[in-house]
There are 2 protein chains.
Amino acid sequence: MTPELRHLRYFVAVAEQLSFTVAARELHIAQQSLSQQIAALEHALGARLFDRDTRGTRLTEVGRVFLPEARAVLTHADAALETARRAVRGEVGRLRVAFLVSTANYMMPPVVRAFRERYPDVELLAEAVAIADLVAGLREDRYDAAFTRPPLVDDLVTATLVAEPVCAVLPAGHPLAGRPELRLADLAGEPWVLTPRGSWEPWHRKYDEDFRAAGFEPRVVQRADGVPSLLGLVAAGVGVTRLARSAHSLRRSGVAFVPIAGEQAETVMAWHPARDRQAVRNLLDVAAGLAASIDLTEAG
Amino acid sequence: MTPELRHLRYFVAVAEQLSFTVAARELHIAQQSLSQQIAALEHALGARLFDRDTRGTRLTEVGRVFLPEARAVLTHADAALETARRAVRGEVGRLRVAFLVSTANYMMPPVVRAFRERYPDVELLAEAVAIADLVAGLREDRYDAAFTRPPLVDDLVTATLVAEPVCAVLPAGHPLAGRPELRLADLAGEPWVLTPRGSWEPWHRKYDEDFRAAGFEPRVVQRADGVPSLLGLVAAGVGVTRLARSAHSLRRSGVAFVPIAGEQAETVMAWHPARDRQAVRNLLDVAAGLAASIDLTEAG
DNA sequence: CGGGGTTACAGTCGGAGCCTGTGACCCCAG
DNA sequence: CTGGGGTCACAGGCTCCGACTGTAACCCCG
């Protein structure tokens, strides 16, 4: 026989009560069963743990040595199970989170900070990545969750965190730069700088649709990858572009942000539905809580 | 269900093999039984430990957190059982040893030292006590073993360690002090100093017998308890007495020790037969080994 | 010397844990 | 495309272990 935790529990109970009868009552089993299990444990150890006779039960020297050991093992086992249960609740473990580069500058610091404060025993790995890698990472289980912009793909779940105005980005001093608000159609004649078509199909399909709805096809004078590059080209007077207002934090000089009427850019948290762990829900809760309490898009 | 060590063993095996089939083979059980037990553990924790499908088995995040915990508990449990087994072998624990005051001066230091060196994890409590307390202590389980002189009592077991000459103890300058050897009868006319009769009946019965065999009854001029007192009285010329040779180490001046032909004093280890633990045997082995290798009676 | 306490022994029962047989599924090689 | 070898899960049955009850032996105390 190989001893189980049950034997240790029984042993400790008898050692504490110094009575099989009382310990059995406490354990909700019969005294005979308890005697039997203790005997089995003693057999496995090769020595008696108790001296017992009709006038009582006393620990032997071996029992005296074993008692603290058995207690420690039981405590350790409880702690291990409790740790596992904390992991189930998403309070310990590891969480790999991707931030879309264009949202990382304002989302990552407050989200990471708030999450680490709330769940100090979760190892949070945060990474700023491009959209294609972000989606691939979620699908391939390289990331547990991601902060990004819609639209994405059908096989990922998303939850919207914040919505912000979409702005026309114009060179400083542009005739339209003073306006409080614009319509996309107002920019029909402008030279445009946009991201390369290949970067992420769903986005570009949406852009195409928006332009079609505005009644024109933009004259693209240059394509550049990444928000800072676009802002640089606009500041240099190469053309105009269209970005979420939060991008303004990346470049304050030489560009003007003018809201486009009725257009909203959302930031969402995305994850794979098959890997919907509690830690992911916790992250969503923290991020949603932040979004409700402070204006994340201004934080950068 | 409350998890047992078996579940942890099974979990670790699957986590190491990342295969139910292979782990089951290793554990000498069927794959189906293993799946069943893992499922039970998962149910107790409230979450899956493995993601499994037809193309393999992978740890979940909860499993990843739980794995080192489970390993640690198993290691701890093994260590606890090993400690208990060491206790069975008398390698850890506590040993309460009484030394008869008159043997303590030469037995206690080497025995305690040798035992502590051989069994460093045994807490050895050594005490020098009078014969009556020594016997009572063994009977009442206050001592596990004792070093003393026979004869004792029937209900204790003894093992002889060393035998040494019994000597007549004479004042320095006594007419018989120069002899290489004496017979008890040679001392028939001397004034005697002896221990009080009440100290330990079995000894006094033996003394009476010895004197009767020598054909005289000693004229006792004074009774005093303890070897130093007797030696002091002899040195002062009050009378003669009879002691084991090892008592010489307690007083070198003013007394002469002359062996009495054919008389031997034994030193024995005694213990209660009902409490015959391995640690007691170990102590006996150490003491017997010392007795064989060095002359304990000269050590003081 | 009976009553209340202890643990041990004997016999029985139910269920936990194991087994075998089978099925669904995936991947790779032919 | 299809068969073979791999994965794990489901279903049904058996065995034995850990429970149970009933009883006995023993000690101490009133």
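Residue numbers start from 1 in every chain, and the chains themselves are labelled A, B, ... in the order their sequence lines are given, proteins ahead of strands.
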Side chain to side chain donor-acceptor pair (under 3.5 Å) between B:Gln31 and B:Ser35, worked out: CA-CA 6 Å; B:Gln31 164 261 313; B:Ser35 294; 3.2 Å; yes
With a 4.0 Å heavy-atom cut-off, tell me which residues in residues 31-44 of chain A come close to DNA chain D, sorted by residue number.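 Of all residues in residues 31-44 of chain A, the ones placing a heavy atom under 4.0 Å from DNA chain D are A:Gln32, A:Ser33, A:Gln36, A:Gln37.
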Which residues in residues 4-20 of chain B have at least one heavy atom lying under 4.0 Å from any atom of DNA chain D?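 Residues of residues 4-20 of chain B under 4.0 Å from DNA chain D: B:Ser19, B:Phe20.
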My understanding is that only residues two or more places apart in sequence, or in another chain, count here; which of them pass ring-ring contact (aromatic ring centres under 6.0 Å, His included) with [X]?
X: B:Phe11; value: B:Phe50, B:Phe66
X: A:Tyr143; value: none
X: A:His7; value: none
X: A:Tyr10; value: none

Considering only NZ, NE, NH1 and NH2 on the basic side and carboxylate oxygens on the acidic side, decide whether A:Arg275 and A:Asp144 come within less than 4.0 Å.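 A:Asp144 and A:Arg275: not salt-bridged.
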Do NZ/NE/NH1/NH2 and the carboxylate oxygens of B:Arg118 and B:Asp285 come within less than 4.0 Å?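 So B:Arg118 does not pair with B:Asp285 through a salt bridge.
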A:Pro150: partners by side chain to side chain contact (heavy atoms under 4.5 Å, CB included), with sequence neighbours left out: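 Listed in chain order: A:Glu266, A:Val268.
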Rounded distance (nearest 0.5 Å) linking atom CZ of A:Arg6 with atom CG of B:Leu5: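 If I round to the nearest 0.5 Å, the distance is 10.0 Å.
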Salt bridge (charged side-chain N to carboxylate O under 4.0 Å, His left out) against A:Glu82, all qualifying residues, sequence neighbours excluded: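 For A:Glu82, the residues satisfying salt bridge (charged side-chain N to carboxylate O under 4.0 Å, His left out) (neighbours in sequence not counted) are A:Arg89.
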In chain order, what residues pass the salt bridge (charged side-chain N to carboxylate O under 4.0 Å, His left out) check against A:Arg281, with sequence neighbours excluded?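 Here the qualifying residues are A:Asp276.
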Among pairs that include at least one residue of residues 123-135 of chain B, which meet salt bridge (Lys or Arg N to Asp or Glu O under 4.0 Å), considering only residues two or more places apart or in two chains?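 Matches after skipping sequence neighbours: B:Asp133-B:Arg142.
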Tabulate protein N/O versus nucleotide N/O from nucleotides 25-30 of chain D, keeping only pairs under 3.5 Å, one per line.
from, atom 1, to, atom 2, distance (Å)
D:dC27, O4', A:Thr54, OG1, 2.3

Student check: side-chain heavy atoms of A:Arg86 and A:Asp121 closer than 4.5 Å: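 Yes - at least one pair of side-chain heavy atoms lies under 4.5 Å apart.
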Between which nucleotides of DNA chain C, read 5' to 3', does contact with chain A run, using atoms under 4.0 Å from its heavy atoms?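 First-to-last contact on DNA chain C, by the 4.0 Å heavy-atom rule, is C:dG5 to C:dC9.
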Just the rounded figure in Å: distance from C1' of D:dA9 to CG of B:Asp51.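 So the CG-C1' distance, B:Asp51 to D:dA9, works out to 15 Å.
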Rounded to the Å, how far apart are B:Arg25 CZ and D:dG6 C1'?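 Interatomic distance, CZ of B:Arg25 to C1' of D:dG6: 11 Å.
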